[in-house]
Amino acid sequence: MRPPARSVATTIAAIGLAAVALGCASTFQYRAVQSNFMEAAHLDNLATVDPLSESTAEASYASIVTELTPEKIAGLDPKLRGNAWVIRGYSQWRSGQYAGAVTSAESGLATDALGPRDRVLLTLLPALAVDSEVKVAWAAKLPSLTEADYAPLGKDFATAYRQVTKARGLYDQSTAPSTKYYVAYQEWRLVNDWQIVIGTLDRESEVSAARAGARAAAETILGGKFAVVLDAARESIPKGHPLREMIAAQSGA
């Protein structure tokens with residue numbers, strides 16, 4: 001299986017992270033930070049579906065991280081802090097600051113009066129950071145992985161998938177459909193990445209016991225065949241929804 005042409009984008013814009021419209025403006029113009037974040041996500045999304053385009057958003061995400069410091073988040077209206085940690089953490093993820101993204105998720109989850117949507121997104125974030133780290137490590141081993149190469153990658157994928165499951169476990173009656181669709185999209189993306197990585201294990205062999213064993217072990221953790229889990233994640237997003245269209249673009253379906 002071929003590696004994807006690029007890491008897939010966040011599609012964060014689809015879940016409306018800039019929807020907070022409270023009147024307490026801070027000295028560093030938090031609304032402007034939100035707007036910059038949404039614009040960066042929009043550029044990322046365009047690059048995801050256009051094979052001739054490259055995202056120019058990484059620098060914007062890095063700038064947001066520099067601007068939206070923990071100290072400045074602490075100075076915000078308490079109602080804004082959870083959303084601010086989401087923006088900081090997801091910007092760290094998209095600018096390659098994976099350890100920082102996990103730290104921001106932990107800080108955000110410890111925030112008082114955290115909203116249910118932000119709790120789901122912050123719980124999900126470490127899975128996204130781990131997935132991205134795995135892909136960096138995987139790319140360094142291509143074109144073919146040995147069993148020893150794959151072992152830590154498989155463990156990390158399993159950890160990330162359990163984190164996605166944990167995020168889904170937070171759903172309740174107040175969880176917006178848009179949040180569920182976003183988590184489903186990221187579940188699809190993670191499982192698809194895992195399947196691709198396994199496909200490069202012992203790649204020179206047409207029939208590989210190592211590849212078959214890795215696939216069987218992964219499907220035990222997933223609770224089903226790759227195709228079934230991928231289909232379930234995709235089908236949980238309505239047809240015509242932008243995230244469903246993203247999956248179609250990324251899978252070539």
* To do: For the pair D149 and K141, find out whether any cationic side-chain nitrogen is under 4.0 Å from an anionic carboxylate oxygen.
  => yes
**Prompt:** Are K72 and E67 within salt-bridge range, i.e. N to O under 4.0 Å?
**Reply:** yes
* To do: With the side chain counted from C-beta on, respond yes when D77 and Y30 share a heavy-atom pair under 4.5 Å apart, and no when they do not.
  => no
In this structure, CG of L190 is separated from CH2 of W194 (nearest 0.5 Å) by 7.5 Å
Cluster check I237, V228: I/L/V/M/F/W/Y, side chain < 4.5 angstrom:
no
Practice item. Show the numbers, then the answer: is there a side chain to side chain contact (heavy atoms under 4.5 Å, CB included) between R168 and K180? Key: CA-CA 8 Å; R168 280 197 275 107; K180 294 180 180 179; over 6 Å; no
ask   = Short question: side chain of R211, backbone of S205 - any donor-acceptor pair under 3.5 Å?
value = yes
> Given side chains that start at C-beta, do those of D193 and F157 come closer than 4.5 Å, heavy atoms only?
Replying inline: yes
Practice prompt. Answer yes or no: is there a side-chain heavy-atom contact under 4.5 Å between R189 and D131?
Written response: yes
Side-chain donor-acceptor contact under 3.5 Å, S95 with E58 = no
Interatomic distance, OG1@T179 vs CG@L124, rounded to 0.5 Å, equals 10.5 Å
Worksheet item: Do the side chains of V102 and L125 get nearer than 4.5 Å, heavy atoms only?
Response: no
task: Determine whether more than 12 heavy atoms belonging to other residues, nucleotides or ligands lie under 6.0 Å from atom CD of E147.
output: no
Rounded to the nearest 0.5 Å, the CD atom of Q92 sits from the OH atom of Y98 at a distance of 12.0 Å
So CZ of R162 and OG1 of T165: to nearest 0.5 Å the spacing works out to 9.0 Å
Heavy-atom nearest pair, E245 first then G240, reads OE2-O, 3.3 Å
Quiz item: Are D44 and Y61 side-chain neighbours, meaning at least one heavy-atom pair lies under 4.5 Å?
Solution: yes
Interatomic distance, CG@L109 vs CG@D118, rounded to 0.5 Å, equals 9.5 Å
Tell me if a side-chain donor or acceptor on R88 pairs with a main-chain N or O of V65 at a distance below 3.5 Å.
yes
Chi angles and distances behind the side chain to side chain contact (heavy atoms under 4.5 Å, CB included) call for T69, I73:
CA-CA 6 Å; T69 64; I73 292 175; over 6 Å; no
If you define the side chain from C-beta out and look only at heavy atoms, does anything of Y150 sit under 4.5 Å from T146?
no
Check: Does the side chain of Q250 come under 3.5 Å of the side chain of N192 through a donor N or O and an acceptor N or O?
Finding: no
*Cut-off 3.5 Å, side chains only: do Q186 and Y181 have a donor facing an acceptor?*
no
- Any side-chain heavy atom of L230 sitting closer than 4.5 Å to one from Q195? yes
In short, S208 meets D202 closest at the heavy-atom pair OG-OD2, 2.9 Å
For A101 and G89, the nearest pair of non-hydrogen atoms, with its separation, is CB-O, 3.5 Å
Does R234 use its side chain to pair, donor to acceptor, with the backbone of I247 at less than 3.5 Å? no
_Can you confirm whether more than 12 heavy atoms, excluding those of D172, are under 6.0 Å from its CG atom?_
yes
Heavy-atom donor-acceptor pair, T111 side chain to G108 backbone, under 3.5 Å
yes
Exercise. Between S144 (side chain) and R203 (backbone), is there a donor-acceptor pair under 3.5 Å?
Worked result: yes
Heavy-atom closest pair (A84 atom, L76 atom, distance to 0.1 Å) is CB-CD1, 3.6 Å
Heavy-atom nearest pair, L122 first then G82, reads CD1-O, 4.4 Å
- Pair D156-Y161, side-chain donor/acceptor within less than 3.5 Å: no
Worksheet item: Within the distance-only criterion (no hydrogens, no angle test), does the side chain of S107 pair as donor or acceptor with the backbone N or O of T103 below 3.5 angstrom?
Response: yes
From the list V86, I64, N36, V33, side-chain contact (heavy atoms from CB on, under 4.5 Å) partner of S91 resolves to I64
Side-chain heavy-atom pair R81, D112 within 4.5 angstrom cut-off = no
Going by the angle between their ring planes, with limits at 30° and 60°, are W93 and Y90 parallel, tilted or perpendicular? perpendicular
Could you go through the side chain to side chain contact (heavy atoms under 4.5 Å, CB included) check for W85 and L114 one step at a time?
CA-CA 10 Å; W85 279 115; L114 185 64; over 6 Å; no
Closest non-hydrogen contact found for I198 with A218 is CD1-CB, 3.9 Å
Please assess W188 against S236 for the test side chain to side chain contact (heavy atoms under 4.5 Å, CB included), listing each intermediate value before the final yes or no. CA-CA 10 Å; W188 180 90; S236 68; over 6 Å; no
CZ of R94 to CZ of F37, rounded to nearest 0.5 Å, is 10.0 Å
